[in-house]
Amino acid sequence: MSAPVLLVIAHGSRDPRHAATVHALVRRVRAQRPGVRVETGFLDFNVPSVPGVLESLATEGVRDVVALPLLLTRAFHAKADIPAVLADAPPRLRIRQAEVLGPSPLLLAALERRLYEAGLTPADKSSTGVVLASAGSSDPEAIAVIAEIAREWRRSGWCAVRPAFASASLPRTEDAVRELRALGCARVAVAPYVLAPGRLPDRIARGAAGADVLADVLGPSPEVARVLLERYDAARTPVPAAVGA
């Protein structure tokens, strides 16, 4: 039996860098798992749309699809927008929605990769404060997850790690940079916890003006591609029933 099609669902953006980064990530996923068909659909702004991809797959005779939200936290899009779109899919499709990407140790590894690419070294960790800069959300669950990731990452040896948000929540990136300076960290780095460039990542970059190091977005890093495939594998594998259930 053929493997389910992996449909990566991205938010979409008017910024052309967003779609370019999504497509680069999907190419890496295809390279890591050549036996799986991987398609991309966008919720807004870009084509192909998610409904359009689902219609095309159904017309081809595809039966099984794993729909994977290209999101780092389980906020409104994962809880409401995407399930609503999938509910309107052609009935002949059997669709399983995978979990969002975060949190994951692989994403922390990707964040560190970006910081090292921006000029830090592992020897700098104990004297460097890091701003974990997220896009932000009005969903309390998503905000709590970002705060917990910051606490976990601090335990890996950084001088301090503070969460920050580009929208909807506080503190802003520039506020977190100032807080780390006040704590006495020898240097301050900003690590964007976002997948692709766009308006909010640009706001993070502006807020990082007072930092010593600004890392790139996660983008098509190999760790992110591995998380996508982990979520795909978990969604396509039935959970065993509990003994005695």
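- By the criterion of side-chain heavy atoms lying less than 4.5 angstrom apart, applied directly or through intervening Ile, Leu, Val, Met, Phe, Trp or Tyr residues, V190 is not grouped with Y193; the two fall into different hydrophobic clusters.
- A donor-acceptor pair under 3.5 Å is formed between the side chain of D212 and the backbone N or O of V188.
- A19 approaches N46 most closely through the heavy-atom pair CB-ND2, 3.9 Å.
- In R226, the CZ atom is not crowded: 12 or fewer heavy atoms of neighbouring residues, nucleotides or ligands sit closer than 6.0 Å.
- The minimum heavy-atom distance between G210 and R181, with the atom names listed, is O-NH2, 2.8 Å.
- Checking each of L72, L218, L106 against V224 for a side chain to side chain contact (heavy atoms under 4.5 Å, CB included) leaves exactly one that passes, namely L218.
- Using a 4.5 Å cut-off on side-chain heavy atoms (C-beta onward), L101 and L68 make contact.
- Using modelled atom types, no side-chain atom of T21 and backbone atom of P220 make a donor-acceptor pair closer than 3.5 Å.
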Step-by-step side-chain contact (heavy atoms from CB on, under 4.5 Å) determination, V38 to Y232: CA-CA 11 Å; V38 187; Y232 168 78; over 6 Å; no
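- Listed by chain and residue number, D124 satisfy the side-chain hydrogen bond (donor to acceptor under 3.5 Å, both in side chains) test with T121 (two or more places apart in sequence, or in another chain).
- Each of L214 and L120 belongs to its own hydrophobic cluster when Ile, Leu, Val, Met, Phe, Trp and Tyr are linked at side-chain heavy-atom distances under 4.5 angstrom.
- Remark: F165 CZ to D175 CG distance equals 12.0 Å, nearest 0.5 Å.
- Annotation: the span from I146 atom CD1 to R151 atom CZ amounts to 11.0 Å, rounded to 0.5 Å.
- Listed by first and then second residue, the side-chain hydrogen bond (donor to acceptor under 3.5 Å, both in side chains) pairs that reach into residues 80-90 are H77-D81, sequence neighbours excluded.
- Between the NE2 atom of H11 and the CG atom of L195 there is a distance of 12.5 Å, given to the nearest 0.5 Å.
- Here F45 is tied to no hydrophobic group at all, with no ILVMFWY side chain closer than 4.5 Å.
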For residues 199-206, which side-chain N or O atoms pair as donor and acceptor with protein atoms under 3.5 Å away, sequence neighbours left out?
residue	atom	partner	partner atom	Å
D202	OD1	R17	NH2	3.2
D202	OD2	R17	NH2	2.9
R203	NH1	A166	O	2.7

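- Looking only at distances, no side-chain donor or acceptor of D64 sits under 3.5 Å from a matching main-chain atom of A3.
- Transitive grouping of hydrophobic side chains (ILVMFWY, heavy atoms separated by less than 4.5 Å) keeps L107 and V131 in distinct clusters.
- In terms of modelled atom types and a separation under 3.5 Å, the side chain of R27 and the main chain of A31 share no donor-acceptor contact.
- In the hydrophobic clustering of this structure, V194 does not group with I149; members are Ile, Leu, Val, Met, Phe, Trp, Tyr whose side-chain heavy atoms approach within less than 4.5 Å, directly or through other members.
- When every heavy atom of Q97 is checked against every heavy atom of P83, the shortest pair comes out as OE1-CG, 3.6 Å.
- Judged as a salt bridge (charged side-chain N to carboxylate O under 4.0 Å, His left out), the pairs with a partner in residues 155-171 (not counting sequence neighbours) are, in order, E148-R155, R162-E179.
- Partners of E55 according to the side-chain hydrogen bond (donor to acceptor under 3.5 Å, both in side chains) rule, which considers only residues two or more places apart in sequence or in another chain, do not exist here.
- Going from atom CG of L115 over to atom CH2 of W158 covers 5.0 Å, rounded to the nearest 0.5 Å.
- Considering only residues two or more places apart in sequence or on other chains, A225 meets the side chain to side chain contact (heavy atoms under 4.5 Å, CB included) condition with L25, R28, V29, Q32.
- Atom CD of E141 is separated from atom CD1 of I143 by 11.0 Å, given to the nearest 0.5 angstrom.
- R113 pairs by the salt bridge (Lys or Arg N to Asp or Glu O under 4.0 Å) definition with E117, E223, not counting sequence neighbours.
- Taking every heavy atom of both residues into account, P4 and V36 meet most closely at O-CG1, 4.0 Å.
- Looking only at distances, a side-chain donor or acceptor of R114 sits under 3.5 Å from a matching main-chain atom of V217.
- Alongside L54, the hydrophobic cluster contains V5, L7, I9, L43, V50, V53, L57, V62, V65, L71, I82, V85, L86, L93, I95, V100 (criterion: ILVMFWY side chains under 4.5 Å).
- Taking CH2 of W153 as the start and CG of L111 as the end, the distance is 4.5 Å to the nearest 0.5 Å.
- Between C159 and S126 the shortest heavy-atom distance is CB-O, 3.3 Å.
- Two different hydrophobic clusters hold L183 and V161 under the rule that ILVMFWY side chains link at heavy-atom gaps under 4.5 Å.
- Within the 4.5 Å cutoff, the side chain of E152 has no heavy atoms near those of the P103 side chain.
- Between the side chain of R37 and the backbone N or O of P34, no donor-acceptor pair lies under 3.5 Å.
- Applying the side-chain hydrogen bond (donor to acceptor under 3.5 Å, both in side chains) rule to T128 yields the partners R187; only residues at least two apart in sequence or on another chain are considered.
- In this structure, the side chains of V130 and V213 stay at 4.5 Å or more apart for every pair of heavy atoms.
- By the side-chain hydrogen bond (donor to acceptor under 3.5 Å, both in side chains) test, D233 is found to be paired with R33, residues two or more places apart in sequence or in another chain being considered.
- The minimum heavy-atom distance linking A176 with P163 is given by the pair CB-O, 4.3 Å.
- When the salt bridge (Lys or Arg N to Asp or Glu O under 4.0 Å) test is applied to E230, no partner is found at least two apart in sequence or on another chain.
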From CA spacing to verdict: side-chain contact (heavy atoms from CB on, under 4.5 Å), S104, R231: CA-CA 10 Å; S104 167; R231 299 294 184 256; 3.9 Å; yes
